[in-house]
Amino acid sequence: MLEKTYQPAAIEARIHEEWVKAEAFKAGRPERKDAAAYAIVIPPPNVTGSLHMGHALNNTLQDILCRFERMRGRDVLWQPGTDHAGIATQMVVERQLMERQEPDRRKLGRDKFLERVWAWKAESGGTITNQLKRLGASCDWSRERFTMGERGAPDDQMVKAVTKVFVDLYNQGLIYKDKRLVNWDPQFQSAISDLEVEAIEKTGTFKWTRGDTDKEGNPVALDHKRLAKLLVKEPAGHMYYFNYPLEGAAYDPDKPETFVTVATTRPETMLGDTAVAVHPTHEKSRYKHLIGKRVVLPLTGRTIPIVGDDYADPEKGTGAVKITPAHDFNDFEVGRRHADKLVAPINIFDAFAKLNENVPETYRGLERFQARMRVVEDLDAASYVAKIEPTTHTVPHGDRSGVPIEPWLTDQWYVNAGELAKAALAAVSSGKTRFVPERFAADYFRWLENIQPWCVSRQLWWGHQIPAWYGPDGQVFVATSQDEAQALAEKHYASSPSPRVRGEGRGEGQLPVSTGRGDEVPLWRDPDVLDTWFSSALWPFSTLGWPESTPELARYYPTSALVTGFDIIFFWVARMMMMGCHFMQEIPFHDVYIHGLVRDEKGQKMSKSKGNVVDPLKLIEEFGADALRFSMAAMASQGSDVKFSVKRIEGYRNFATKLWNAARFAEMNECVRQKDFDPAKVKGTLNRWIAGEVERTAQAVTAAIEAYKFNEAAGAVYDFTWGTFCDWYLELAKPILNGEDEAGKAETRATAAWALDQVLKLLHPFMPFITEELWERVVEVGEKRTSLLCLSPWPRYAGLADAAADEEIGWVVRLVSEVRSVRSEMNVPAGAKVPLVLVGAGRAVRARADRHGDIIRRLARIDAITFEAAAPKGSAQIVVGETTAALPLAGVIDMGAERTRLLREIDKAAAEIRKIDAKLSNQSFVAKAPPEVVEENRERKADFEAVTAKLQAALKRVEAA
RNA sequence: GGGCGGUUAGCUCAGCGGUAGAGCGCCUCGUUUACACCGAGGAUGUCGGGGGUUCGAAACCCUCACCGCCCACCA
C-alpha cells in the first residue's frame with residue numbers, strides 16, 4: 001500500500017541506487033548496439049564547485065533530452081566530467097593559504113602549490129558530481145572525465161589531447177608567440193583574454209578649470225588634497241586636460257600658441273607618451289599645422305613628435321591625443337604606423353602595475369593610482385593642468401579579479417582564431433549546426449567575424465603547462481614531450497653555432513641539451529599555462545578518447561545537442577566549434593540549445609555578494625528533486641531567463657503528491673496492469689475517450705521536446721495528468737469501479753492502469769524519481785515489475801482518438817460543470833442532493849444520460865434524473881449544447897437571482913453574436929478570409945443563437961412562475 | 001555608439017495573425033472512503049503609448065517611452 005504522501009528523500013536515494021546497479025545510463029548497452037546514437041557532452045562544471053541554480057536548470061534540460069531519447073530506444077551517451085577552472089580554482093587555494101596564514105604560493109613554490117591544489121581537488125572534487133546525481137542526472141558516470149586528466153600523469157589521454165592540439169596548431173602556424181598588448185590583470189599578474197574583460201562604467205565628481213575665480217574674484221587653485229582623497233576612493237571618472245609646451249616656445253598657460261592641450265582619463269600614462277597625434281587633413285583639426293613639430297613632455301625631459309594620424313578625432317577631446325603605445329590598444333597601432341618617427345613603446349609599469357625604471361626616479365615604485373595623483377599634482381605645480389572634468393566612461397576590469405586591467409606589452413602565445421573561425425562560421429551558416437533559439441546565431445556570427453587573436457597563455461600555475469621549451473638564445477622548441485623537445489634542440493644546435501647564454505632564462509627545470517659538439521646548453525620550459533577554455537574547447541572529442549581513434553569517437557561524434565547558457569557562447573561554444581571543425585573535420589554538435597540565466601524572485605542575477613543565492617540542494621531536500629526539475633522545465637521558455645520562485649516549486653511538489661495519490665487510488669481500486677493490454681480494443685466510452693487523450697498528450701509532449709520547448713512539454717503533461725486524468729477520468733471512473741458491471745469494471749481497471757503507466761512514462765523525463773518508484777510499486781498482475789521505467793519505451797500511439805467518445809464525454813463534463821456552477825451561484829448547499837430534469841430530451845440524449853447516469857448523479861450531486869417535456873416551475877435552467885437541464889429548486893433558490901443569472905447568460909451570448917455579426921456582415925471578411933474561418937464563425941453564431949433561444953425559453957418559464 | 005531581448009490578470013510568466021491563458025495569490029463553499037501538498041465554484045486584463053499593414057493585430061511593420069542584457073578604442 002502506498003503511503004498517503006510522497007516522501008522524496010528516502011525514495012530518491014534508493015531509486016538512484018537501482019539505476020546505478022542496472023547500469024541504466026551506460027552508453028553502448030548491448031541491446032542497443034544497432035540503435036541510433038544520441039550524445040550530449042555536459043558543460044563541465046568547475047571541479048571544486050558546488051551545484052547552483054544555473055546547473056540545476058542546465059542539467060535538468062539535458063537530462064530531459066537524454067531520458068526522452070533513451071526511452072525512444074536510442075543508445076544515449078550523456079558524457080559527464082569536470083573542468084579544472086584555472087583562475088577560479090587557483091584563487092580558491094590561494095585564499096585558503098591566506099586564511100590559514102600559510103606562506104603564499106610564491107613562497108611555497110610551484111610544485112608544492114600544485115600539490116595543494118590537487119589536494120583540494122581530491123577533497124572537494126566529488127561534491128558537484130554527487131549533487132548532479134541527486135538532481136537525477138542520467139550521465140554515464142563510468143565515463144567521467146576531468147580536463148586536466150590524472151594527477152602527475154603526462155600520458156593521460158586528456159593531457160595528450162591538449163598537448164597535441166597545441167603542438168599541431170603550432171606546427172601549422174596557427175599558434176604563435178607574439179609581443180603585443182594584452183589585457184593584463186595586475187591582481188593575478190597574468191594576461192587574460194578579451195572575453196575576460198568587463199567594461200564597468202565610472203562617473204567622477206571633481207571639477208576644476210584654470211582661471212576659475214571665487215566670489216571675490218580670486219583665482220581658485222587646484223585642491224590637491226581633495227583630488228587625492230577622491231583618487232583613493234574612485235580612481236576613474238575624470239577627464240584631465242594637460243598642456244604640452246611646444247618645443248622652443250616659452251610656455252605660458254595663457255598663450256595657447258605656446259602649447260598643445262591633450263585630454264586623458266589616465267594621467268599617469270603620460271610618462272610613457274611617445275607622440276601626440278592630430279588629424280592631418282580634417283577641416284576642424286585645429287592643430288594640423290603643427291605636424292612635424294615637437295612638444296616637450298612634462299616631468300620627463302623628453303621631447304616627442306606631433307604626428308598626423310586619422311585616429312585623432314578633431315571632434316573628441318581637444319583634437320590632439322597623447323599616444324602611449326605601451327599602454328593603450330589604439331595608441332599601439334598609432335605608434336606602429338609612425339614607428340619611423342617614434343621611439344619604441346615605453347613600458348612604464350611592472351607586473352603589479354607599479355611604475356618601473358622607465359620613468360623618472362621620483363615616480364618609481366608608485367602604484368598606478370598613486371602615480372596618477374602625483375603626476376597631476378606635479379603637472380599642476382608647473383601650471384600644465386588646464387582643467388579636470390567629471391566624465392562618464394567605461395573602464396575595463398578583470399571579470400574575476402574585479403580590478404582595472406592594464407594594457408601591457410608582453411610576450412604571449414596566441415591562437416590565430418581568425419583562421420579557425422572560418423570553418424566554425426561556415427558550419428552554422430550552412431545549417432550543419434543549428435542554434436535554438438535561432439537568434440543566438442547572430443551573436444555567434446558577429447563575434448566570430450570580428451574575432452581577434454586569442455591570447456591563450458596565462459601566468460598561472462594551475463592548468464596545462466604550455467609544451468614549449470627555450471634555448472638560451474630564446475629559440476623555441478614546441479614538442480609533445482620533454483624528450484621530443486630535447487631531440488629538437490639537439491638537432492637545432494648541432495647545425496647552428498652554440499648559442500650564447502642570454503640572461504639566465506626563467507630558470508625553471510633546466511634541462512641539459514647536447515649540442516653534438518661536446519658541450520651542452522640548458523633548455524627551460526615555458527612556465528605559463530593555457531587558458532582553461534583551451535582544454536574546454538576540446539571537450540566534445542577529448543572526452544571520447546581523441547587523439548586515439550576510439551569506437552566512442554566513431555559512434556558519438558558529432559554529438560547530437562549541446563545545452564548551455566548564452567553567457568558562454570563565445571567562451572565555449574564558438575571555441576568548441578573552431579577546434580572541432582579543425583581537428584575532427586566535423587562539427588562537434590548538431591543543435592545548440594541556449595537557455596537563460598536563473599535569477600532571483602526580483603529578477604536580479606544571483607551572486608554570493610548580493611546574498612541572494614538559492615541552494616538547489618536545499619530545495620531538493622525540502623521539495624524533492626522532481627519538483628525542482630519540473631519547475632525548471634516549466635519555466636524554461638525558449639531564450640528567456642528563469643525567475644526563480646519557491647511558490648512554483650511548491651506547486652510542483654503538490655503535483656508530485658497528486659500523481660502519487662492517483663497511483664494510490666489505482667492501487668486501492670485494483671487497477672492492475674494487464675500484460676497484453678491494447679488501448680485500441682477498449683469498448684467503454686470513457687475508456688475510449690481517455691485512450692484518445694493519452695495519444696493526444698503523448699504527441700504534444702513528444703513534439704514539444706523535439707522542438708526544445710520544455711515549458712510546453714511540461715505544461716502538456718501537467719494539464720493532462722491533473723486536469724484530465726485525475727480531475728475527470730478517475731472521477732468518471734469511480735461509479736464504474738464501484739458498480740456491478742463486472743466486464744466494464746475489469747476494462748476500466750485495466751485502462752486506468754494503462755493510462756497511469758502512460759502518465760508515468762510521459763512524466764519520467766521531467767520527474768524521474770517518483771515515476772520510477774511508482775512504475776515499480778504499482779503491481780502487475782500480482783507480481784512486482786522488474787523492468788526499469790527509464791529504459792522502457794516511450795508512448796507512441798496513433799488512431800486511438802474516437803470522435804464519438806470525445807463528444808459524449810465532453811457533454812457529460814460540460815453538463816456536470818454547468819450544474820456545479822449553477823448550484824454554486826444559486827447557493828445550493830454543497831451537500832444537498834437535488835433532482836435533475838432533462839427537458840425535451842431526444843432518444844440520443846436519453847441514452848446518453850442513462851449510460852452516464854451514475855456519473856452525473858455522483859459528480860453533480862443529483863438524486864434522480866428524469867425527463868420532461870418542459871422545465872418544472874421554479875427551476876434553475878441550464879443550456880448545455882442541445883440539451884436544456886433544469887434543477888427544480890422552487891423554494892430553495894431565489895427566482896429573482898435565477899432570472900438575473902439567465903439574463904446575464906443571454907447578454908454574454910448576445911455579445912458574442914454581435915462580435916461575430918460584425919465580422920460576417922463585413923463584405924471583405926467574407927470575401928478574403930479563408931473559407932474555413934468564415935464557416936467557423938457561422939457555426940459559432942448558430943450555436944450561440946441556439947443557446948440564446950433556449951435561454952430565452954428558460955427565462956420565460958422563470959418569469960411565468 | 002552598435003545590437004538583441006522585454007513591457008499581457010495583484011504577483012511570476014505562457015501565448016506570437018482568427019473566441020485573451022496558466023500557476024500563485026484573492027473571494028465563496030466543502031469531513032463526497034486517492035489526495036486539505038485536496039475538491040467545487042468565482043472575480044480580475046482599453047495585452048506599455050502612438051501610428052501603419054490586414055477582412056481581422058496581444059501577435060507583423062514603423063515610432064516613442066521605460067527596463068534588462070551583449071558588444072564597442074578608458075580623448
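Order of the sequence lines fixes the chain letters, A, B, ..., with proteins taken first and strands second; residue numbering starts at 1 for each chain. What you see is a predicted model; the values in this text were computed from it and never measured.
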Expressed as a whole number of Å, how far does the [atom1] atom of [N] sit from that of [M]?
{"N": "B/U28", "M": "B/C70", "atom1": "C1'", "result": "50 Å"}
{"N": "B/G25", "M": "B/G10", "atom1": "C1'", "result": "7 Å"}
{"N": "B/G42", "M": "B/C37", "atom1": "P", "result": "24 Å"}
{"N": "B/U46", "M": "B/G21", "atom1": "P", "result": "15 Å"}
{"N": "B/C67", "M": "B/A75", "atom1": "P", "result": "25 Å"}
{"N": "B/G48", "M": "B/U7", "atom1": "C1'", "result": "6 Å"}
{"N": "B/G23", "M": "B/U44", "atom1": "C1'", "result": "15 Å"}
{"N": "B/U19", "M": "B/C11", "atom1": "C1'", "result": "27 Å"}

Report which part of the nucleic acid [X] touches: base, sugar-phosphate, or nothing (heavy-atom distance under 4.0 Å, all strands).
{"X": "A/Thr394", "result": "base"}
{"X": "A/Pro930", "result": "base"}
{"X": "A/Asp313", "result": "base"}
{"X": "A/Pro829", "result": "nothing"}
{"X": "A/Ile569", "result": "nothing"}
{"X": "A/Lys4", "result": "sugar-phosphate"}
{"X": "A/Arg439", "result": "sugar-phosphate"}
{"X": "A/Tyr311", "result": "base"}
{"X": "A/Ala442", "result": "nothing"}

I'd like to know if A/Arg653 reaches the base of B/C37 with its side chain, counting only an N/O donor and acceptor under 3.5 Å.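 Yes, the side chain and the base share a sub-3.5 Å donor-acceptor pair.
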For a quick check, tell me whether the side chain of A/Lys658 and the base of B/C35 share a donor-acceptor pair closer than 3.5 Å. yes
Can you tell me if [X] touches the phosphate of [N], counting only side-chain N or O atoms and a distance under 4.0 Å to OP1 or OP2?
{"X": "A/Lys734", "N": "B/A34", "result": "yes"}
{"X": "A/Asn654", "N": "B/C38", "result": "yes"}
{"X": "A/Lys928", "N": "B/C55", "result": "yes"}

Any donor-acceptor pair under 3.5 Å linking the side chain of [X] with the backbone of [Y]?
{"X": "A/Arg653", "Y": "A/Arg648", "value": "no"}
{"X": "A/Asp626", "Y": "A/Ile770", "value": "yes"}
{"X": "A/Thr318", "Y": "A/Thr261", "value": "yes"}
{"X": "A/Trp728", "Y": "A/Val813", "value": "no"}
{"X": "A/Arg629", "Y": "A/Phe766", "value": "yes"}
{"X": "A/Arg823", "Y": "A/Pro829", "value": "yes"}

Considering Watson-Crick and G-U wobble pairs with both distances under 3.5 Å, what does [N] pair with?
{"N": "B/C4", "value": "B/G68"}
{"N": "B/G17", "value": "none"}
{"N": "B/C38", "value": "B/G30"}

Spacing between [X] atom [atom1] and [N] atom [atom2], to the nearest angstrom:
{"X": "A/Arg446", "N": "B/C4", "atom1": "CZ", "atom2": "C1'", "value": "8 Å"}
{"X": "A/Ile649", "N": "B/C13", "atom1": "CD1", "atom2": "P", "value": "14 Å"}
{"X": "A/Asp194", "N": "B/C74", "atom1": "CG", "atom2": "C1'", "value": "15 Å"}
{"X": "A/Leu859", "N": "B/G30", "atom1": "CG", "atom2": "C1'", "value": "15 Å"}
{"X": "A/Glu825", "N": "B/A43", "atom1": "CD", "atom2": "C1'", "value": "11 Å"}
{"X": "A/Met239", "N": "B/C73", "atom1": "CE", "atom2": "P", "value": "16 Å"}
{"X": "A/Tyr652", "N": "B/C13", "atom1": "OH", "atom2": "P", "value": "13 Å"}
{"X": "A/Phe570", "N": "B/C4", "atom1": "CZ", "atom2": "C1'", "value": "11 Å"}

Considering only side-chain heavy atoms of [X], which listed nucleotide, [options], is closest?
{"X": "A/Arg664", "options": "B/C55, B/C73, B/A34", "value": "B/A34"}
{"X": "A/Val321", "options": "B/A75, B/G41, B/G23", "value": "B/A75"}
{"X": "A/Lys643", "options": "B/G18, B/C70, B/U12", "value": "B/U12"}
{"X": "A/Glu731", "options": "B/G41, B/C70, B/C35", "value": "B/C35"}
{"X": "A/Met668", "options": "B/C74, B/A34, B/A75", "value": "B/A34"}
{"X": "A/Val395", "options": "B/C74, B/G41, B/G39", "value": "B/C74"}
{"X": "A/Thr657", "options": "B/C35, B/A75, B/A14", "value": "B/C35"}
{"X": "A/Leu730", "options": "B/C74, B/A34, B/C71", "value": "B/A34"}
{"X": "A/Thr5", "options": "B/G30, B/C37, B/U19", "value": "B/C37"}
{"X": "A/Phe566", "options": "B/G25, B/C69, B/A75", "value": "B/C69"}

Point-to-point distance, once rounded to the nearest 0.5 Å, from CD of A/Glu333 to OH of A/Tyr311: 10.5 Å
Pick the closest RNA chain B nucleotide for A/Arg858 and for A/Tyr6 by heavy atoms, then say which residue is nearer the 5' end.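 Nearest-nucleotide comparison on RNA chain B picks A/Arg858.
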RNA chain B: 5'-proximal contact among A/Trp722 and A/Asn922 (nearest heavy atom):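 It is A/Trp722 whose nearest nucleotide is closer to the 5' end.
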Going by atom types only, do [X] and [Y] share a side-chain donor-acceptor pair under 3.5 Å?
{"X": "A/Glu196", "Y": "A/Ser193", "value": "yes"}
{"X": "A/Glu3", "Y": "A/Thr5", "value": "no"}
{"X": "A/Lys643", "Y": "A/Ser645", "value": "no"}

With ring-ring contact (aromatic ring centres under 6.0 Å, His included) as the test, pick out the partner of A/Tyr652 among A/Tyr6, A/Trp722, A/Tyr718, A/Phe623. A/Tyr718
CA sep, side-chain torsions, deciding dist, call: A/Asn661, A/Lys658, side chain to side chain contact (heavy atoms under 4.5 Å, CB included): CA-CA 5 Å; A/Asn661 277 287; A/Lys658 184 77 185 176; 6.0 Å; no
Going by number, which of residues 910-921 of chain A have a non-hydrogen atom under 4.0 Å from RNA chain B? A/Lys915
